[in-house]
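Here the structure comes first, spelled out in structure tokens, and everything after it is commentary.
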Amino acid sequence: MSFLSTAHRQVIETITQTEHTPFFVYDLDGLLAHLKPLTEQSVVKLWYAVKANPLSKVIQTLDKAGFDFDVASSGELNQVLKQGVCPSRVLNTGPAKSKRQIQHFLSQGVRTFVAESHNQVHWLNQVACEHNVQLRVLLRVQLRWPDGEKNPLGGDSLTPFGLGTQQWQSLDINDFEALNFVGLHIFQWGNMLSTEKLTELWSQMVPPLLALADDLGFALQVLDLGGGLGIPYHERDSKLAWPQLLDALANIKAASGVEELWMELGRFAVGEYGHYANPVVEQKQNYGEHQLIVAGGVNHILRPAVTNQAFPCELLRTTTAPEQSYLIHGPLCTALDHLGRHELPQDINDQDWLIFSQCGAYGFTESMPYFLCHELPAEYVIEHGEIQCIRPAVDASEYLR
Ligand SMILES: *Cc1c(COP(=O)(O)O)cnc(C)c1O
């Protein structure tokens with residue numbers, strides 16, 4: 001199995017004829033074809049979690065496919081509005097909503113919020129009163145399980161996302177004249193690849209959430225399950241099937257009795273539609289290991305250092321040379337800059353490019369681009385079969401002062 005199709009290989013070969021530094025390429029045609037069936041159903045309303053990939057062309061593609069938008073900062077909001085999206089189609093989640101940020105969101109016309117603390121509820125109400133508007137508000141809940149697992153999103157650990165059910169109990173929803181409390185939001189597990197496991201987690205959430213809504217005195221109209229749908233990063237990983245997930249979601253919807261089920265998708269929406277192309281600087285041997293030093297590392301794709309999980313990697317050039325095991329290292333002067341262990345042909349040299357796949361989500365904007373003053377990667381798209389450069393590589397001289 002390969003994560004790199006022949007068509008994508010050809011596109012990347014074409015780009016490397018003129019590009020000499022690392023770049024991302026996103027297949028918008030493939031993305032649109034993948035997204036359309038996701039929204040063609042009436043079980044779950046889908047928002048796009050913009051942090052997964054905020055590139056203009058990616059947002060435009062999600063818009064075409066019928067997604068609305070979940071943003072977590074003024075920067076993300078501005079980027080979405082700049083693509084012509086109506087603010088009524090924007091949802092604001094995130095643990096750090098300052099009063100100043102709330103002011104900005106209301107002045108831009110956003111009316112739907114996930115509140116993650118008592119202060120957020122108070123500030124949303126205060127600013128909404130000043131603007132003389134009514135807001136739709138969901139409360140974000142953080143649950144704990146006795147036999148919990150760890151997860152990059154927190155899983156069972158204490159996180160800044162929302163509050164426990166006990167902490168929400170003291171909220172008197174009648175104190176907030178400008179807020180309509182319509183639902184609850186919960187999201188604690190990322191990159192899940194099993195429908196059974198997701199169903200089990202979601203099912204466990206329903207009773208405590210229904211009890212909380214009841215205690216607070218509002219009807220649970222909306223249940224927002226966040227994101228967390230995974231994609232394979234390794235050949236042995238399984239893949240989620242959307243029809244099966246929809247069945248599971250329909251059951252959760254029925255069990256909770258809500259009018260609307262919401263999810264904000266990031267990884268599952270866009271993750272499989274991006275590649276990161278990376279020139280090889282050199283190959284060397286060290287303490288019995290083969291090492292490859294490449295031009296781009298965690299300055300462009302940080303995720304392997306955060307999750308300890310590599311992106312799948314292939315050599316762009318086809319060769320019949322046998323494979324060997326390599327450790328791949330980026331250009332930064334820190335051992336953190338490690339892109340994993342990979343089986344690749346023995347004859348790799350300084351003319352070669354490595355292609356990392358499944359990089360459509362949590363790629364460039366999750367990285368640490370300024371460390372050591374390398375260039376920012378270019379971003380290309382394939383749209384209607386044409387290659388287009390959306391942002392050329394940016395030299396350090398352009399961002400250093
Ligand atoms: C990041 C995020 C998502 C998207 O998560 P994925 O696992 O990428 O789908 C959804 N909801 C919220 C609130 C998030 O912060």
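Whatever order the structure lists ligands and atoms in, that order sets their numbers, starting from 1.
Summarising the contacts of atom 11 (N) of ligand 1 with Glu116, Glu264, Arg267, Lys51, the nearest heavy atom is found in Glu264.
For ligand 1, the atoms sitting less than 4.0 Å from at least one non-hydrogen atom of Tyr362 are 1 (C), 4 (C), 5 (O), 6 (P), 8 (O), numbered in the order shown with element in parentheses. Using a 4.0 Å cut-off to heavy atoms of Phe187, the atoms of ligand 1 that qualify are 2 (C), 3 (C), 5 (O), 7 (O), 10 (C), 11 (N), 12 (C), 14 (C). Residue Leu265 approaches ligand 1 through these ligand atoms, each under 4.0 Å from one of its heavy atoms: 9 (O). Residue Arg140 has at least one heavy-atom neighbour below 4.0 Å for each of these atoms of ligand 1: 13 (C). Near Thr93, meaning under 4.0 Å from any of its heavy atoms, are these atoms of ligand 1: 13 (C). Listed by number with element, the atoms of ligand 1 under 4.0 angstrom from any heavy atom of Gly266 are 4 (C), 6 (P), 8 (O), 9 (O).
In this structure, Gln166 has no side chain to side chain contact (heavy atoms under 4.5 Å, CB included) partners at least two apart in sequence or on a different chain.
Remark: distances from the non-hydrogen atoms of Gly228 to ligand 1 include one below 4.0 Å.
Of the listed residues (Leu28, Ile382, Val381), just one forms a side-chain contact (heavy atoms from CB on, under 4.5 Å) with Gln388, and that residue is Val381.
For Arg100, the CZ atom sits in a loose shell: 12 or fewer heavy atoms of surrounding residues, nucleotides or ligands are nearer than 6.0 Å.
Using a cutoff of 4.0 Å between basic side-chain nitrogens and carboxylate oxygens, Lys51 and Glu264 are not scored as salt-bridged. Glu383 and Lys64 are joined by a salt bridge, as a carboxylate oxygen and a charged side-chain nitrogen come within less than 4.0 angstrom of each other.
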Could you go through Tyr276 and Phe311, starting from their C-alpha distance and side-chain angles, then the distance that decides it, and tell me whether this counts as ring-ring contact (aromatic ring centres under 6.0 Å, His included)? CA-CA 9 Å; Tyr276 172 66; Phe311 286 103; 8.4 Å; no
